[in-house]
Each structure stands twice: as structure tokens, then as C-alpha cells.
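Numbers restart at 1 for each chain; the letters A, B, ... are given by sequence-line order, proteins then strands.
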Amino acid sequence: MKLATWNVNSLKVRLPQVLQWLSDNPVDVLCLQETKLTDDKFPVAEIEAAGYQVVFSGQKTYNGVAILSKLPITDVVKNNPRYEDAQQRILAATIDGVRVVCAYVPNGQSVDSDKYAYKLGWLAALHEWLAEQALLHSNLAVVGDYNIAPDDRDVHDPVAWAGQVLVSDQERAALTRLIDLGLQDAFRLFEQAEKSFSWWDYRQLGFRLNKGLRIDHILLSAPLATRCTACVIDRAPRKWEQPSDHAPVIATIV
DNA sequence: ATGGCTCGTGTAACGAGA
């Protein structure tokens with residue numbers, strides 16, 4: 001199975017790029033974040049015409065997640081059943097014996113904001129739910145935009161970013177607690193180039209200067225991690241016209 | 001020091017993202 005995740009920053013704007021990318025990279029499963037579409041506006045026909053089944057959970061203006069799959073999708077769960085949340089950020093489904101959780105973790109805005117407290121509470125509730133899911137599903141993949149750079153090597157300028165949102169100790173500790181449920185960061189199972197990032201600011205030539213962060217992750221349970229033979233970030237679509245600020249991350253599971 | 005760019009909303013700036 002080839003399993004990918006991509007924050008598309010509006011599926012309305014990015015649908016042509018998603019279809020082009022799937023044509024170039026016919027992955028089995030693609031998890032999307034920040035679709036920014038209510039369910040009645042989701043482009044089901046276009047995605048099905050490309051050979052994918054799709055499930056989605058969206059809202060107006062913000063957030064929104066979707067799972068595209070070549071193989072049948074079953075047991076769909078929208079949102080974390082342990083956390084009342086008006087924001088549509090989680091979608092889980094079973095595909096080919098793998099429990100796939102597509103997550104759009106809150107950004108947090110800044111460490112002194114209410115949104116940061118929401119982010120930490122949201123992550124604590126995610127941990128509570130995933131602890132149960134990990135017991136229920138040996139093949140568990142938790143993928144998406146985590147809005148957390150796990151380590152200083154995932155940050156273009158760790159000194160400038162020190163203590164800020166996306167890299168703060170509390171956020172990193174929350175990510176570590178998720179990993180301690182028995183998950184592994186697929187990207188770090190393999191040798192990777194230095195300064196490998198998955199997001200670059202639209203401003204200040206962020207991509208051209210490779211001023212980025214690695215905040216999009218594929219976490220795999222041990223049985224899946226042992227079957228994982230590659231994990232790469234595809235920078236290609238970030239070079240296209242009118243790109244998302246995030247690049248897709250792809251794991252190959254044999 | 002600030003904002004820089006790109007979205008959606010809604011049709012003008014503004015909030016949000018990261």
C-alpha cells in the first residue's frame with residue numbers, strides 16, 4: 001500500500017493539482033487536510049472519475065479532512081468520539097486491513113493564545129482516543145498535518161523558532177506521547193537529506209530559500225513500520241503554479 | 001518594528017494559517 005497525506009489549503013482551489021498529483025503518483029490512499037469545503041460542495045464526481053472512493057468531513061471556511069482510496073473504505077468515524085469539537089479535523093477509516101486516521105491538528109497560533117490551549121487539549125484527547133485505537137487495531141496509521149516539528153532538525157532555523165508555536169516543548173511532548181503509544185515516525189525510519197521539510201511559508205521566498213518546517217507526518221504502528229520500505233516528501237507540487245504551502249508525504253508499505 | 005503570501009468570505013478589508 002502507498003499511503004500519502006497532504007494539506008491542500010482549500011480543495012476548491014487545489015482540486016486540479018490533487019488530480020494531477022494522483023495521476024503522477026497513483027497512491028492507494030491519500031489523506032487530505034484543510035479542504036475548507038462543506039460536505040455538499042465536496043467534489044465527489046471528479047475524484048471518483050479519477051478512480052478513487054472518497055469519504056470526507058468538512059465545514060465552511062476552515063479545516064475539513066478527507067480520505068481518498070482505490071480500495072474499499074469501511075468503518076468510517078468522523079471526529080474524536082472522546083472530544084466534542086465543532087471543528088472538523090479527524091476522519092478514520094479501515095482500508096485493506098489498515099486503520100487509517102487522517103488528522104488536522106490545530107495550529108495553535110501562538111503559545112500565549114487560547115488556540116494554543118485548545119491545541120494542547122485537543123492533542124490530549126487525541127492521545128486518549130488513540131490509546132484505545134492502538135489496542136483495537138494492530139495496523140494503525142495516524143497521518144496528517146500535526147502542526148508540530150518533532151525535532152530541531154525539522155526546523156530551518158531552530159534558534160529563531162525556539163519556544164514558538166509548532167516547536168514548543170509542550171507540543172513536542174504531546175507528539176512524543178502519541179509516539180509512545182507504539183507509533184513510529186515513518187520518515188525517520190530511513191536516511192533522509194538534511195533540511196527536509198513539508199511546509200514552507202508563502203512569504204519571503206520561503207520555498208526557494210528552503211525556509212521550512214517538517215510538520216506533516218505519517219505515524220505507523222510497529223507491524224506497519226516493519227512493512228514500511230520508504231517514506232518521502234514530494235516537493236514537486238510545491239513548485240507548481242498556485243501551490244499549497246504543504247507538500248505531500250508518502251509511505252510505501254509492502 | 002512590522003509585515004511579508006494565500007486562502008474564504010463576500011464584494012472590503014480581515015481573520016486564519018504556520
Side-chain angles (χ1 to χ4, degrees), chain A residues 5-18 21 31-43 56-66 85-90 102-123 126 143-175 187 195-217 233 235 237-249:
Chain A
T5 179
W6 193 7
N7 179 324
V8 290
N9 183 16
S10 168
L11 185 57
K12 182 183 172 187
V13 172
R14 228 67 65 192
L15 178 62
Q17 297 195 22
V18 170
W21 189 81
C31 294
L32 302 179
Q33 302 86 38
E34 280 206 270
T35 56
K36 299 187 177 179
L37 290 172
T38 50
D39 290 352
D40 59 302
K41 298 210 169 92
F42 198 91
F56 42 89
S57 176
Q59 68 184 91
K60 193 178 164 106
T61 311
Y62 301 118
N63 309 313
V65 281
D85 194 357
Q87 304 188 21
Q88 304 305 304
R89 296 179 173 278
I90 286 184
C102 173
Y104 175 44
V105 176
N107 170 280
Q109 199 163 65
S110 64
V111 294
D112 56 359
S113 75
D114 293 344
K115 290 173 184 165
Y116 183 77
Y118 165 66
K119 180 178 194 173
L120 294 179
W122 192 96
L123 284 163
L126 178 64
V143 315
D145 178 359
Y146 282 76
N147 270 317
I148 301 171
D151 197 89
D152 278 354
R153 64 189 159 157
D154 303 310
V155 181
H156 71 92
D157 186 345
V159 173
W161 276 87
Q164 305 218 43
V165 74
L166 311 187
V167 310
S168 74
D169 289 346
Q170 286 188 88
E171 291 164 87
R172 285 177 167 173
L175 179 58
F187 191 74
K195 301 189 184 298
S196 290
F197 306 125
S198 68
W199 168 87
W200 303 262
D201 202 308
Y202 283 125
R203 298 167 292 187
Q204 290 185 299
L205 304 172
F207 181 67
R208 200 186 300 181
L209 300 175
N210 198 30
K211 290 182 171 179
L213 303 173
R214 192 176 70 91
I215 55 176
D216 300 271
H217 308 302
I233 297 169
R235 296 162 55 100
R238 191 62 176 77
K239 302 171 188 169
W240 296 347
E241 285 276 319
Q242 202 177 11
S244 168
D245 43 356
H246 295 253
V249 185

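Close to dA16(B), at under 4.0 Å from its OP1 or OP2, lies no side-chain N or O of Asn63(A). OP1 or OP2 of dC7(B) has not a single side-chain nitrogen or oxygen of Asn9(A) nearer than 4.0 Å. Close to dC7(B), at under 4.0 Å from its OP1 or OP2, lies a side-chain N or O of Gln242(A).
Going from the P atom of dG10(B) to that of dC5(B) covers 25 Å, rounded to whole Å. Nucleotides dA18(B) and dC7(B) have their C1' atoms positioned 13 Å apart, rounded to a whole Å. Between dC14(B) and dG3(B), the two C1' atoms lie 15 Å apart (nearest whole Å). Taking atom C1' on both nucleotides, dA16(B) is separated from dA1(B) by 22 Å, rounded to a whole Å. Using atom P as the reference point in both dT11(B) and dT6(B), the two lie 24 Å apart (nearest Å).
Looking at the side chain of Tyr104(A), the nearest of the listed nucleotides dC5(B), dA18(B), dG8(B) is dA18(B). The side chain of Arg14(A) lies closest to dC7(B) when the candidates are dG17(B), dA18(B), dC7(B).
Checked by atom type, the side-chain pair Trp199(A)/Asp216(A) shows no donor-acceptor distance below 3.5 Å. Of the N and O atoms on the side chains of Trp200(A) and Asn210(A), at least one donor lies less than 3.5 Å from an acceptor on the other residue. With hydrogens and angles left out, the side-chain atoms of His156(A) and Trp161(A) include a donor and acceptor closer than 3.5 Å. Side-chain contact of Gln87(A) with Tyr62(A): a donor-acceptor pair under 3.5 Å is absent, judged by distance alone. When only modelled atom types and interatomic distance are considered, Ser113(A) and Tyr118(A) share no side-chain donor-acceptor pair under 3.5 Å. Thr5(A) and Gln33(A) form a side-chain donor-acceptor contact under 3.5 Å, judged by distance and modelled atom types alone.
Within the nucleic acid shown, Asn147(A) comes within 4.0 Å of sugar-phosphate atoms alone, with no base atom in reach, counting heavy atoms only. Using a 4.0 Å heavy-atom distance criterion, Gln164(A) is classed as making no nucleic acid contact. Using a 4.0 Å heavy-atom distance criterion, Val165(A) is classed as making no nucleic acid contact.
Nearest-nucleotide positions on DNA chain B place Tyr202(A) closer to the 5' end than the other of Leu213(A) and Tyr202(A). Nearer the 5' end of DNA chain B, as judged by each residue's closest nucleotide, is the contact made by Ser10(A), out of Ser10(A) and Asp145(A).
Distance Gln33(A) CD to dA18(B) P: 10 Å, rounded to the nearest Å. As rounded to whole Å, 13 Å separates atom P of dC7(B) from atom CG of Asp201(A). The nearest whole Å value for the distance from the CD atom in Gln17(A) to the P atom in dC7(B) is 9 Å. One atom, CZ of Arg203(A), and another, P of dC5(B), lie 9 Å apart when rounded to the nearest Å. Per the geometry, CD belonging to Gln59(A) stands 12 Å off C1' belonging to dA16(B), to the nearest Å. When the C1' atom of dG17(B) is taken as reference, atom CG of Leu11(A) falls 17 Å away, rounded to whole Å. The nearest whole Å value for the distance from the CZ atom in Arg89(A) to the P atom in dA16(B) is 12 Å. The nearest whole Å value for the distance from the CZ atom in Arg172(A) to the C1' atom in dA18(B) is 14 Å.
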Could you encode protein contacts along nucleotides 10-15 of chain B as a string, one character per nucleotide from 5' to 3', using B for base contact, S for sugar-phosphate-only contact and - for no contact, with a heavy-atom cut-off of under 4.0 Å?
------
Please step through salt bridge (Lys or Arg N to Asp or Glu O under 4.0 Å) for the pair Arg172(A) and Asp152(A), ending with a clear verdict.
CA-CA 10 Å; Arg172(A) 285 177 167 173; Asp152(A) 278 354; 3.1 Å; yes
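In this structure, Trp6(A) has its ring center closer than 6.0 angstrom to the ring center of Trp21(A).
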